[in-house]
Trainee: 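Take this structure first; my questions come after.
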There are 2 protein chains.
Amino acid sequence: MKKTTIADVARYANVSNSTVSQYLNKRYEYMSTETRKKIEEAVEALQYRPNLMARSLKQKSTFTIGIIVANIIHDFSTKIINALEAEFDKKGFHMIVCNSADNPKKEREHVETLLEKQVDGLIVFPTGENQNLYIRLNQQKMPIVFIDRFIEDVAIPAVLLDNFSAMDMAVEQFQKQPLAIVTTSLALPITPRVERLEGFRQALRKRDLPIDERYIKNGDPSEIEEIFNELFALEQPPRGIIAANDRIAQELMVYIKKHNLHVPDDLQVIAVDDVPYAKFITPSITTLQQPILPMAQKSAALLLAKIKKEQLPHEPQLYRFTPILMERDSTI
Amino acid sequence: MKKTTIADVARYANVSNSTVSQYLNKRYEYMSTETRKKIEEAVEALQYRPNLMARSLKQKSTFTIGIIVANIIHDFSTKIINALEAEFDKKGFHMIVCNSADNPKKEREHVETLLEKQVDGLIVFPTGENQNLYIRLNQQKMPIVFIDRFIEDVAIPAVLLDNFSAMDMAVEQFQKQPLAIVTTSLALPITPRVERLEGFRQALRKRDLPIDERYIKNGDPSEIEEIFNELFALEQPPRGIIAANDRIAQELMVYIKKHNLHVPDDLQVIAVDDVPYAKFITPSITTLQQPILPMAQKSAALLLAKIKKEQLPHEPQLYRFTPILMERDSTI
DNA sequence: CTGTTAGCGCATTCAC
DNA sequence: GTGAATGCGCTAACAG
């Protein structure tokens, strides 16, 4: 019942604890082939498993990293988690996954507990509200990488979509006006939401199209249907609409079906995030796919470099990834 | 740079380590309000954070549990992970999430490392291949709960769908014959796949319908298109088809669009797992929704009970959950 | 109420 | 080559 320890193995093999420790760390030069064999047998016989916590306590490294996603409900979050898991698994790291649910307090608490658990590094989708916390951690050289979002004036690298190019690419696809964009709530200044709306405005400006804030909307999922109602009650209903993320895209699909809107003739549609149904729904939906795998790989690589203290001298703060346009029937 | 420890706090506050430890564990009865205040200040001034690993080493409990999903690619897995995260978060537990990718060797390795990291318990989607491992762990009283699948002759509770009722409900919905079912690869005897095919056979038998194995198929995602080709090349193509999980459902949707099959007139469709697009695609798809939240709650509760040694005397081994039928246009 | 002591399981000098 | 001693940071008796 009681766990077998290194001492049990040592006793069984008739050697000292430290020799067993050497063996476990594969420093075989420090022992005879004979003792090595004895220890091998003892480990097998006793079904010995080292206690990595005790080891970590000594070595100050746990081979586990903390992930804090802002909202596990988004498709993008789960896809990133999956990709990160694959990356870190290759390097022998485990991930503790937490959800801040876009709640800065929960975010802070998770960060603290994760640090108390001595994780080697942190990957977080920041809510945007804990600047001081991150500034402090950064000073303490805690390895951190942001994904999807960043915090102004905090020198922590962030991996995210090039939201401005994305919106430019989107606007470029539409043939008719007016254009609208809808995203989830801006109650917090969340990077992709802010940037996508701003990118939308820039793309219109660049083309000398009028910017009318009545066509630039945001709201909680529960309010989205009402938002669409308002949009389509305007004297000039939108002829093209950008769903700024997968949640909005889904609401839009429901709305389109319910009100029997004709895509793309009456309304053209582009969704950010390559939702799985985009290609087989009728009509198929044009999307801006985030390059999940490269983004996850970059994040993992950045974090691992920091953990190994391979700090690049002048590392950029923002790593922006260009989306992949999947042209389909909703923008023909 | 060096982490501040309990000793630093003790020195700063002019008390002993153990008094600080008492304070940290909120055993305030054992100290004067004065010293309590002093320690409070010291903790604040030094920005002290306890090292939970050191604590765990002593107390033999880490408040982290290991999750091993068989295939993170399935919608069901990520939904369960999300629900579990919420449950365990409530109780102050963290989760280390691993993916075995349906590879028994990876599964075993993850189990071992997780144990070495001293997780308090394990929730796993077993591949089905490591009976001996689980039997051993169960003897050692390691708290474990299976989800979605179980292993024969291993006394570990499993939370899963009532696949037999599910198939009966599905068959009941169809109005025309012949009926077919397709699931992912049976290279490994994975519970839901085996049970859904068997449940399908039972449902046919019960209704005195012929059982023709040519209509009961399985294969890797890459082979699915070919499987549909075979199915629809039969002298009597299926008039109703069950997609036994979300991956198959997606392949089926693509196939239907590509070959312009008419649902539900030519072909009726039911999918297991309530895929997000089911309600807004045209025609909408009838699904058998797995009750994710109750399943996650049950699993978490079972595991936590085991961890707290509240072992029920005669706990059942299998907790089967009835699916929720979402009747939509694909089976009208 | 507070301090002393002795581990938790392992790694690492440093003598032998 | 091998072992005894020390400490990682914290908790838990047990004295005082």
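Here is how names work: the chains are called A, B, and so on, in the same order as the sequence lines, proteins then strands, and each is numbered from 1.
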Trainee: For a quick check of understanding: with a heavy-atom distance under 4.0 Å over all strands, which category does Asn25(A) fall into, base, sugar-phosphate or nothing?
Mentor: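 Result for Asn25(A) = sugar-phosphate.
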Trainee: In whole angstroms, how far is the P atom of dC8(C) from the NZ atom of Lys60(B)?
Mentor: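 Value for this atom pair: 8 Å.
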Trainee: Can you tell me how far C1' of dG3(D) sits from CD1 of Ile6(A), to the nearest Å?
Mentor: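 Atom CD1 in Ile6(A) sits about 13 Å away from atom C1' in dG3(D).
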Trainee: Just how far, in rounded Å, is C1' of dA12(D) from CZ of Arg55(B)?
Mentor: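 Answer to the nearest Å: 13 Å.
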Trainee: Using a 4.0 Å heavy-atom cut-off across all strands, classify Gln22(A) as base, sugar-phosphate, or nothing.
Mentor: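 Nothing: the residue Gln22(A), judged by heavy atoms under 4.0 Å, touches no strand.
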Trainee: Is there, by distance only and without an angle test, a donor paired with an acceptor across the side chain of Ser32(A) and the base of dT2(D) below 3.5 Å?
Mentor: no
Trainee: Against Ser21(A), only a single residue in Asn17(A), Thr19(A), Asn25(A) fulfils side chain to side chain contact (heavy atoms under 4.5 Å, CB included); can you say which?
Mentor: Asn25(A)
Trainee: For Tyr48(B), answer base if it contacts any base atom (sugar-phosphate contacts may also be present), sugar-phosphate if it contacts only those atoms, and nothing otherwise; contact means non-hydrogen atoms under 4.0 Å.
Mentor: sugar-phosphate
Trainee: Under 4.0 Å, counting only non-hydrogen atoms across every strand here, what does Val20(A) touch: a base, just sugar-phosphate, or nothing?
Mentor: nothing
Trainee: Looking only at side-chain atoms of Ser21(B), point me to the closest of dG9(D), dT11(D), dG3(C).
Mentor: dT11(D)
Trainee: Return the orientation label for the Tyr134(A) and Phe146(A) ring planes: parallel under 30°, perpendicular over 60°, tilted otherwise.
Mentor: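 Ring orientation, 0 to 90° scale: perpendicular.
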Trainee: Run the salt-bridge test on Lys79(A) and Asp148(A) with the 4.0 Å N-O cut-off and return the result as yes or no.
Mentor: no
Trainee: Would you mind reading off the distance between Asn17(A) atom CG and dA4(D) atom P, rounded to a whole angstrom?
Mentor: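 Atom-to-atom, Asn17(A) to dA4(D), this comes out as 9 Å.
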Trainee: Measure the distance from CZ on Arg27(A) to C1' on dT2(D) and round it to the nearest whole Å.
Mentor: 14 Å
Trainee: Establish, with yes or no, whether the OP1 or OP2 oxygen of dG9(C) is under 4.0 angstrom from a side-chain nitrogen or oxygen of Thr5(A).
Mentor: no
Trainee: Only one of Val43(B), Leu24(B), Asn51(B) clears side chain to side chain contact (heavy atoms under 4.5 Å, CB included) with Ile6(B); which?
Mentor: Leu24(B)
Trainee: Just the rounded figure in Å: distance from P of dC8(C) to CZ of Arg49(A).
Mentor: 22 Å
Trainee: Is the base of dA4(D) touched by the side chain of Ser18(A) through a donor-acceptor pair closer than 3.5 angstrom?
Mentor: yes
Trainee: Considering every strand and a 4.0 Å limit on heavy-atom distances, what is the contact class for Thr35(A): base, sugar-phosphate, or nothing?
Mentor: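 The answer is sugar-phosphate, as Thr35(A) gets under 4.0 Å only of primed atoms, P, OP1 or OP2.
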Trainee: Is there a side-chain polar atom (N or O) of Lys58(A) under 4.0 Å from OP1 or OP2 of dG9(D)?
Mentor: no
Trainee: Within this structure, what is the CE-to-C1' distance between Met31(B) and dG16(D), rounded to whole angstrom?
Mentor: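 To the nearest whole Å, that distance equals 17 Å.
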Trainee: Between Tyr28(A) and Tyr23(A), what is the ring plane arrangement, given parallel below 30°, perpendicular above 60°, and tilted in between?
Mentor: tilted
Trainee: Please give, in whole Å, the distance from dT2(D) C1' to Glu34(A) CD?
Mentor: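 Interatomic distance, CD of Glu34(A) to C1' of dT2(D): 13 Å.
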Trainee: Among dC10(C), dT4(C), dA12(D), find the nucleotide with the atom closest to the side chain of Gln59(B).
Mentor: dA12(D)
